[in-house]
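Taking it in order: structure first as structure tokens, then the write-up.
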Protein chains: 2
Amino acid sequence: MKALTVDVICQTLAARIREGAFAASGRLPSERDLSEQFSTTRITLREALGQLESQGMIYRELRRGWFIAPPRLAYDPLLRSHFHAMAEQQGRTAQTCVLDARTVKVSREVAEKLAMREGEEAYRVCRLRHIDNRAVLYVEHYLNPAYFPDLLSFDLTRSLTRLYQQQYNIHYGRVGFTMLPMPLPKFAAPALKVAAGSPALFITRINRDQHDRIIDCDYEYWRYDAMYIAVEAGEEGRTP
Amino acid sequence: MKALTVDVICQTLAARIREGAFAASGRLPSERDLSEQFSTTRITLREALGQLESQGMIYRELRRGWFIAPPRLAYDPLLRSHFHAMAEQQGRTAQTCVLDARTVKVSREVAEKLAMREGEEAYRVCRLRHIDNRAVLYVEHYLNPAYFPDLLSFDLTRSLTRLYQQQYNIHYGRVGFTMLPMPLPKFAAPALKVAAGSPALFITRINRDQHDRIIDCDYEYWRYDAMYIAVEAGEEGRTP
DNA sequence: AAGTGGTCTAGACCACCGG
DNA sequence: CGGTGGTCTAGACCACTTA
């Protein structure tokens with residue numbers, strides 16, 4: 001049972017990273033450098049980097065290089081707290097960019113989620129969210145315009161939660177969500193500076209208000225290594 | 001913008017699979033066969049298989065080959081329904097093997113979850129669960145023995161939920177869970193016939209009973225492509 | 001024993017990013 | 001423009017599964 005080259009590289013690099021070796025720049029040496037250091041091929045070296053990547057220890061930006069991964073953010077999809085507040089509670093800094101905000105005709109799929117009809121108009125807000133200056137989440141929000149007249153005239157970099165409350169007196173009620181690991185689709189990849197097809201977490205949520213009306217839904221594409229889900233359920237005790 | 005070899009292979013194979021090409025055996029031809037069919041290297045061919053794998057279209061069993069992946073199971077960690085019932089509701093068949101069941105001294109981590117002290121004794125039940133004859137979940141259950149005297153004398157291939165009810169008059173109450181994508185640890189890999197280090201979903205749950213006492217916790221290691229999470233939350237409306 | 005996937009070598013060219 | 005990661009070739013040996 002000889003030690004595999006890949007494993008040796010993984011363990012060595014992991015140890016160096018834990019010791020804070022590349023913490024200064026946050027960046028690893030080039031693949032060619034590393035493959036020489038370990039007297040191996042770039043193929044093999046990349047195999048090792050891939051394993052560390054899948055452990056969430058390092059990550060890459062497309063054609064830019066390899067970087068030390070920051071710790072994961074804890075995320076509760078049942079909580080509708082502001083993204084920024086959530087980040088700050090965990091000692092992180094958040095940033096939001098609005099990539100696009102407009103009226104669109106909803107697809108069949110979105111229509112189903114929002115209890116609307118295919119082709120009806122809804123607001124769509126596409127945003128990119130950063131934690132500690134790293135793009136971690138691309139999210140498309142679909143809002144039923146019946147509940148949010150003139151939404152596009154507001155500042156959408158802010159928390160939608162707060163906007164709902166302050167402008168429309170709408171509060172979140174029940175939530176449902178799905179989550180599945182899937183490769184990052186092409187339209188979300190560039191914003192996250194990630195190769196299309198790399199592993200990601202896809203989350204959809206359907207939100208209701210205090211009157212149990214479906215008010216919006218969203219499609220969230222997370223870097224798979226940027227967060228973990230932590231749900232604390234309330235008093236349900238549903239055991240069918 | 002030339003079409004990449006890998007992408008061509010992916011699309012071709014994906015199309016063939018959708019047409020039901022390998023449905024009879026459920027199995028793909030060997031890597032050498034395929035690499036010849038596509039006039040390329042095994043390295044490149046494996047890159048393509050890896051992409052299809054990450055899409056959940058195919059999966060591999062360690063050193064055995066590549067197989068067509070069945071559809072994902074919908075899983076709600078907040079529901080404490082019986083695994084078998086859940087599978088059957090979705091038209092699937094489930095199977096459970098008990099790999100190990102014994103008394104152990106709990107680690108600090110488990111002790112914290114169960115509100116016990118490190119080194120105290122608890123029951124640990126390790127089980128392997130199959131869907132449609134494919135091993136998809138390795139789970140370790142830790143039970144506070146104060147609530148479950150003589151647990152080990154019962155048939156543990158059955159639903160623990162039902163055992164709790166029938167033998168101990170204990171019903172599930174609140175639940176909390178965490179979920180994160182991580183590489184499959186070495187101890188869980190063999191049972192799932194998967195290479196250690198391949199991507200997996202790691203879920204932990206902490207369960208309380210009708211009196212809000214913590215009764216058990218578990219560590220679930222899922223094939224990442226075997227399920228997706230679908231949570232329908234109750235009436236909480238928690239907006240901090 | 002034959003065939004499989006798992007690992008590895010030693011190169012190469014390309015597209016893109018940054019200075 | 002040089003250096004980076006992304007892709008690809010044409011082999012090879014090993015450990016394991018399967019028959």
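What you see below is based on every heavy atom in this structure, not just the backbone, and it leaves out hydrogens, waters and symmetry mates. In what follows, chains are A, B, ... by sequence order, proteins preceding strands, each numbered from 1.
When side chains are defined from C-beta on, A/Leu137 does not count as touching A/Leu128, because their heavy atoms never get closer than 4.5 Å. Looking only at side-chain heavy atoms (C-beta outward), A/Val136 and A/Met227 stay at 4.5 Å or farther from each other. The side-chain heavy atoms of B/Arg129 and B/Gln95, taken from C-beta on, include no pair separated by under 4.5 Å.
Proximity of residues 33-55 of chain A to DNA chain D (heavy atom under 4.0 angstrom from any strand atom) is restricted to A/Arg42, A/Ile43, A/Arg46.
Straight-line distance from the CD atom of B/Glu61 to the C1' atom of C/dT4: 13 Å, rounded to whole Å. Atom C1' of nucleotide C/dC13 and atom CG of B/Leu4 are separated by 13 Å, given to the nearest angstrom. D/dT4 atom P lies 18 Å from atom NZ of A/Lys193, rounded to whole Å. Regarding B/Ile9, its CD1 atom lies at a distance of 12 Å from the P atom of D/dT7, rounded to whole Å.
Direction of the helix axis in the helix from C/dA1-D/dT18 to C/dG18-D/dC1 shifts by 10° between the two five-pair termini, rounded to 10°.
Salt-bridge check for A/Asp225 with A/Arg223: passed, with a basic side-chain N closer than 4.0 Å to an acidic carboxylate O. Contact check on A/Arg108 versus A/Glu112 returns a salt bridge, with a Lys/Arg side-chain nitrogen under 4.0 Å from an Asp/Glu carboxylate oxygen.
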Between the protein and nucleotides 17-19 of chain C, are there any N/O to N/O pairs under 3.5 Å, and if so, what are the atom names and distances?
| from | atom 1 | to | atom 2 | distance (Å) |
| --- | --- | --- | --- | --- |
| C/dG18 | OP1 | A/Arg64 | NH1 | 3.0 |

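If you check every strand for non-hydrogen atoms under 4.0 Å, B/Arg60 touches sugar and phosphate atoms only.
The ring of A/Trp222 has its center no closer than 6.0 angstrom to the ring center of A/Phe202. In summary, the aromatic rings of B/Phe67 and B/Phe22 are positioned with their centroids too far apart to meet the 6.0 Å limit.
For A/Glu31 and A/Trp66, the side-chain atoms include at least one donor-acceptor pair closer than 3.5 Å. Judged purely by distance below 3.5 Å, without hydrogens or angles, the side chains of B/Tyr219 and B/Glu109 pair a donor atom with an acceptor atom.
Side-chain atoms of A/Arg32 and base atoms of D/dG5 include a donor and an acceptor less than 3.5 Å apart.
Between A/Leu45 and A/Ser35, the shortest heavy-atom distance links the atoms CG-N, 3.8 Å.
Remark on DNA chain C: of its neighbouring residues B/Glu31 and A/Val6, the 5'-side contact belongs to B/Glu31, judged by nearest-heavy-atom nucleotide.
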Can you check side chain to side chain contact (heavy atoms under 4.5 Å, CB included) on B/Phe187 and B/Tyr138, steps first, answer last? CA-CA 10 Å; B/Phe187 58 86; B/Tyr138 170 82; 3.8 Å; yes

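For D/dG3, neither phosphate oxygen OP1 nor OP2 lies less than 4.0 angstrom from any side-chain nitrogen or oxygen of A/Ser30.
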